[in-house]
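Each remark here refers to the structure printed beneath this line.
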Amino acid sequence: MSTETPSKIQKILAAGHLAVTSEVGPPRSADGLVIEHKAKLIADYVDGINVTDNQTSVCRVCSLACCIRIKQMGLEPVLQMVTRDRNRIALQSDILGAASFGINNILCLTGDHQHFGDHANAANVFDLDSVQLIATVKMMRDEGRLLGGHEFQVRPQMFIGAACNPFAGPNVALRVARLAKKAAAGVQFTQTQCIYNMNTFKEFMKIMVDRGLHEKVAVLAGITPMKNVGMARYMQKRVPGIDVPDEVVKRIGGVPKEKQAEEGIKLAIEQIQEIKEIPGIKGFHIMAIEWEEKVPEIVKAAGLFPRPN
Amino acid sequence: MIRAVGKPIEEIIGMVQDFNKLLIAGCDGCVTVCEAGGLKEVKVLAAALRLYFTQAGTSKQIEETSLTRQCDKEYLAQLRDSIDGYDAVVSLACGVGAQFVADMYTKKVVFPGVNTSFMGATEERGWYVERCQGCGQCILAETGGVCPIARCSKRMLNGPCGGSEAGKCEVAPDIPCGWELIYERLKTLGQLDRFEKPVTPKDWTTSRDGGVRKILREDLRV
Ligand code: SF4
Ligand code: SF4
């Protein structure tokens, strides 16, 4: 994890604690208070708050504006940035802008293809990919240089993160190799895709640890509680790159409708308990999609509360 | 080769209905191979237009031809003597050929009769798939002979993304994930060490981003 930044998440990890992050999705309108409200719900229970960048290619308030708002609330934002919509000029410009407001965490992503979203007929950019974005942030931070060669004094102090999906594929070794590539580019932490298939995840972590890669990249395990059996089925069938085993669908579907949310939360907590025991794990990334109010309950029940300072 | 598909007949009717003397001009090059704009398709289109306009009670003069290549002046010049006999030309060549007709015969209205789609290969008869986007700086040597620009839906140079499932691209289940293919190919070639080395940002100036592209071969010019 080398280079030190003022990032609170990095400090907590360096102190040997399990880190806890979560994320909030911006609204599809100019209502700035939505983010403030969501951030307040989880503020005391997490070390960092990701703001998604037009997730699933649906146009929303930009991640940067929301991160500035969260920073101004005295909290710790994680700027998610996809390369789908902006070229290297715009990406670097936004990184400088974020840093100018004291934002110290970035999650570098390629982004979903726009065909998923509400502007399927848009052109895409993909001037860089996630690995190249990681290397770009690192260069800006460590060398004070832009891709175009311009050198500057005040550098962005970014703790650099990336996503990883042990379940895409089907080749787990390929997925570790891809994270190794991100590590070679300069990534310091990763938040994984939502974990439901524990066997695959354990296999992934074993290769990580065997390669010593868990020391270079802090793995925060991705947890998303299921709200009901409909969501479980949707994730299983419709969301690319998510692996929901039949047992999970059966378990959520096996209780009466009004108990399914509770069962989903229970499952999430059990998952955290189990993952805590997996060698190499450095923390959790809890993505409660449009269900942020449940994050405190999960964090408390999983024994991750209170958060270190 | 360039791949194209014929435009729907309704669209072509809409374009040509106000013109009386039409030339349907095919091309014996790429569009013949992909069966979109060769002499055979010229005949089919001309017959369909004649039938439509006869049934609609309008009489039109519709002639047929196909040139060796519409993207070469030498072949296009063969139309010089006859072109004034037509009000409009429907070119079944690719967009390059259709524009070249318009370039040479500036007073003629030229309509595209096909949708020019991509540079691709014939997987099977009637099944064409894109293989190259003409980026101008070929990197196939580094990627096991599989093009990440044309065959990854996000033109990633360090794939695969997290959306590939069972070896298929997140965009559609009938698109093999280009990066899964690259990984497997590198493995077969014993070059997996390449896979973990980050590839630096591409210089897109030789791609469409650098403006209209041209090649000047001094050695070929007289
Ligand atoms: S790397 Fe460029 S030139 Fe080579 S196949 Fe791909 S798009 Fe074509
Ligand atoms: S699934 Fe594969 S081909 Fe599709 S965008 Fe991702 S890496 Fe590219």
Side-chain angles (χ1 to χ4, degrees), chain A residues 56 82-84 87-88 91 109-116 120 124-136 138-139 147-148 162-171 173-187 190 192-194 211 213 222 239-243, chain B residues 133 135 137 139 142-144 146-188 191-210:
Chain A
T56 60
V82 303
T83 64
R84 176 192 60 230
N87 69 7
R88 61 189 81 180
L91 291 168
L109 308 164
T110 302
D112 295 318
H113 192 272
Q114 77 277 6
H115 94 282
F116 289 108
N124 56 41
V125 180
F126 299 121
D127 176 16
L128 306 182
D129 62 23
S130 55
V131 172
Q132 293 164 342
L133 180 59
I134 291 164
T136 302
K138 183 176 160 62
M139 183 177 75
L147 283 168
C164 84
N165 185 358
F167 314 102
N171 185 335
L174 185 162
R175 291 295 149 181
V176 178
R178 171 127 157 97
L179 190 54
K181 195 169 184 167
K182 291 184 177 178
V187 94
T190 183
T192 77
Q193 178 61 282
C194 326
R211 294 186 53 165
L213 212 52
V239 187
I242 294 198
D243 177 1
Chain B
Q133 287 187 357
C135 76
Q137 183 55 55
I139 54 165
E142 283 116 72
T143 54
V146 180
C147 172
I149 295 158
R151 302 184 70 189
C152 164
S153 302
K154 300 176 189 167
R155 66 172 187 183
M156 296 172 73
L157 295 183
N158 295 282
C161 74
S164 69
E165 211 164 72
K168 303 294 182 211
C169 174
E170 69 175 31
V171 170
D174 61 353
I175 305 175
C177 166
W179 270 99
E180 297 274 348
L181 295 176
I182 293 172
Y183 182 85
E184 289 306 324
R185 195 77 205 289
L186 290 175
K187 197 154 97 186
T188 308
Q191 297 182 354
L192 262 191
D193 52 315
R194 284 186 190 278
F195 182 81
E196 288 192 17
K197 288 202 193 90
V199 174
T200 53
K202 190 168 169 68
D203 175 353
W204 295 108
T205 53
T206 55
S207 189
R208 61 156 291 283
D209 311 85

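Letters go in sequence order (proteins before strands), and every chain restarts at 1. Below, all heavy atoms of this structure are taken into account, side chains as well, without hydrogens, waters or symmetry copies.
Looking at A:Leu174 and B:Trp179, their side chains never come closer than 4.5 Å, going by heavy atoms from C-beta outward. B:Met156 is listed as a side-chain neighbour of A:Thr110, based on a closest heavy-atom distance under 4.5 Å.
By number of non-hydrogen pairs under 4.5 angstrom with chain A, the leading residue of B:Ser153, B:Gly167, B:Ala172, B:Gly159 is B:Gly159.
Proximity to chain A involves both the backbone and the side chain of B:Ser164, based on heavy atoms less than 4.5 angstrom apart. For A:Asp127, the parts lying near chain B are the backbone and the side chain together; criterion is any non-hydrogen pair under 4.5 Å. Looking at A:His113, both its backbone and its side chain come within 4.5 Å of chain B, counting heavy atoms on both sides. Contacts between A:Phe116 and chain B at a heavy-atom distance below 4.5 Å involve the side chain alone, from C-beta outward. Only the side chain of A:Arg88 comes within contact range of chain B, with at least one heavy atom under 4.5 Å from a heavy atom of that chain. Heavy-atom distances place the side chain of B:Tyr183, and not its backbone, under 4.5 Å from chain A.
With B:Pro201 as reference, A:Leu147 is the one residue of A:Leu147, A:Asp129, A:Leu133 to meet the side chain to side chain contact (heavy atoms under 4.5 Å, CB included) rule.
Interatomic distance, CD1 of A:Ile134 versus CG of A:Leu128, reported as 11.0 Å (0.5 Å rounding). Once rounded to the nearest 0.5 Å, the distance linking CZ of A:Arg178 with SG of B:Cys161 reads 7.0 Å.
Sorted by first then second residue, the salt bridge (Lys or Arg N to Asp or Glu O under 4.0 Å) pairs that include residues 159-174 of chain B, not counting sequence neighbours, are B:Lys154-B:Glu170.
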